[in-house]
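Naming: A, B, ... by sequence-line order, numbering from 1 per chain.
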Amino acid sequence: MNNFQRLQEEHARQFEGLKKRRVQQSLLQTFGIFKFVGQLIDVYLPAMMGVIVSSMGGKIDDDDNKGKPVSKNLPPSLGDDHPGKTGPEPPGSPDELR
Amino acid sequence: MKDSEVIHSYLETQASRCFDLLYGRYSTKIFSKCISLLKDEVLAQDATQEIFTKIFLNLSRFGEKSKFSTWVYSITYNYCIDFLRRKKKQKDLFSDEMEKAPDVPENEVSDKVLLEMELSQLKVVLDNLPEGDQAILLMKYQDGMQIRDIAEVLDKTESAIKMKLKRAKARAQQVRDELFKEQPI
């Protein structure tokens with residue numbers, strides 16, 4: 001080991017312990033924020049693009065959904081029969097009149 | 001586990017264990033270079049954090065053309081050099097110094113003179129050198145980088161690096177002679 005490397009070791013000792021852990025924690029927080037922002041973008045960006053396109057009067061090309069059963073594209077309340085399919089009945093429905 | 005294996009594993013799994021491994025291996029070295037060049041502990045800590053952020057955000061771009069350590073050091077040196085450049089508003093720490101550089105003695109200063117310089121003297125000498133000289137000496141003698149790698153990091157030709165190294169060594173000896181006239185090496 002030469003003196004340049006000894007100098008490096010001396011500087012490294014200044015960093016060991018609390019300072020090293022503090023920087024590590026800070027980095028993990030930063031990466032956590034990046035990950036969260038990335039996930040938000042993943043989830044909301046396609047939906048936002050859809051809103052922008054439709055607000056400008058465009059049509060969303062829904063090629064991916066062609067050929068799929070219609071019910072798969074509907075919200076649960078309008079889809080296939082399953083518990084909770086319809087949600088609350090509209091006013092004036094037979095149940096209310098009874 | 002080799003660096004390349006840790007990197008592959010991190011890219012696949014994003015496991016914090018891989019991050020901890022790389023952080024453990026390189027953080028003190030990065031900090032040491034930062035404090036040598038920036039000469040301020042707080043700045044060096046901030047720099048270490050930013051350099052690690054850069055490294056991990058660009059990890060997928062590491063092409064394994066060079067060693068991972070060389071890639072890490074190149075990010076570190078370039079960060080510090082850019083920082084100092086911005087601070088001093090200096091155009092280029094490694095600008096072509098050929099015209100303004102002092103005459104370099106015919107006889108090249110031998111590596112031995114620098115490597116065997118007393119630690120306390122070496123510290124003072126490095127502190128009194130221009131940052132560009134300091135960086136190039138650290139790359140060569142602390143990191144053991146090849147001229148080719150230094151040239152790649154600084155985006156210069158190999159012959160330019162050889163000349164800069166020769167000048168940096170000459171200046172180091174000059175500073176040492178001025179500051180420690182009476183003391184032996």
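Looking at heavy atoms from C-beta onward, B:Thr53 lies in side-chain contact with A:Phe34 at the 4.5 angstrom threshold.
One hydrophobic cluster, built from ILVMFWY side chains closer than 4.5 Å, cannot hold both A:Leu40 and A:Ile33; they sit in different ones. Linking ILVMFWY residues whenever their side-chain heavy atoms come closer than 4.5 Å, directly or via other members, places B:Leu119 and B:Met117 in the same cluster. A single hydrophobic cluster is seen to contain both A:Tyr44 and A:Phe36, as judged by linkage of ILVMFWY side chains at heavy-atom distances under 4.5 Å, directly or through other members. Under the 4.5 Å side-chain contact rule for hydrophobic residues, B:Met1 and B:Phe68 share a cluster. B:Val42 and B:Ile51 fall into different hydrophobic clusters, where Ile, Leu, Val, Met, Phe, Trp and Tyr side chains are chained together by heavy-atom contacts under 4.5 Å.
Heavy-atom contacts from other residues, nucleotides or ligands closer than 6.0 Å to CZ of A:Arg6 number more than 12. Crowding of A:Asp42 atom CG: a count of heavy atoms from other residues, nucleotides or ligands under 6.0 Å exceeding 12. Within 6.0 Å of CE in A:Met56 there are 12 or fewer heavy atoms belonging to other residues, nucleotides or ligands. Counting heavy-atom neighbours within 6.0 Å of A:Lys35 NZ, excluding the residue itself, gives a total of 12 or less.
Of the listed residues B:Gly144, B:Cys34, B:Gly24, B:Ser32, the one with more heavy-atom pairs under 4.5 angstrom with chain A than any other is B:Ser32. By number of non-hydrogen pairs under 4.5 angstrom with chain A, the leading residue of B:Thr48, B:Asp20, B:Leu138 is B:Asp20. Most heavy-atom pairs under 4.5 Å with chain B: of the set A:Glu16, A:Arg13, A:His11, this distinction falls to A:His11. Put simply, of B:Leu122, B:Leu114, B:Leu57, B:Asp46, the one with the most heavy-atom pairs under 4.5 Å next to chain A is B:Leu122.
In plain terms, the two heavy atoms of B:Asp143 and A:Gln8 that are nearest each other are OD1-OE1, 4.1 Å. Between A:Asn3 and B:Glu116, the shortest heavy-atom contact is ND2-C, 4.2 Å.
Between the side chain of B:Tyr23 and the backbone N or O of A:Lys20 there is at least one donor-acceptor pair closer than 3.5 Å. At least one donor-acceptor pair under 3.5 Å links the side chain of B:Gln142 to the backbone N or O of A:Phe4. A donor-acceptor contact shorter than 3.5 Å is absent between the side chain of A:Asn2 and the backbone of B:Leu115.
Residue A:Glu10 holds its CD atom at 3.5 Å from NZ of B:Lys123, rounded to the nearest 0.5 Å. Here A:Gln24 contributes atom CD and B:Ser16 contributes atom OG; the two are 9.0 Å apart, rounded to the nearest 0.5 Å. Considering CD of A:Gln14 and CD of B:Glu41, their distance stands at 5.0 Å, rounded to 0.5 Å.
At a 4.5 Å heavy-atom cutoff, the contact between A:Ser26 and chain B is made by backbone and side-chain atoms alike. With a 4.5 Å cut-off on non-hydrogen atoms, A:Glu9 does not touch chain B at all. For B:Leu137, the parts lying near chain A are the backbone and the side chain together; criterion is any non-hydrogen pair under 4.5 Å. Interface remark: B:Phe52 contributes backbone and side-chain atoms alike to the contact with chain A (heavy atom separation under 4.5 Å).
The aromatic rings of B:Phe19 and A:Phe31 sit perpendicular to each other, their planes meeting at more than 60°, with 30° as the lower class boundary.
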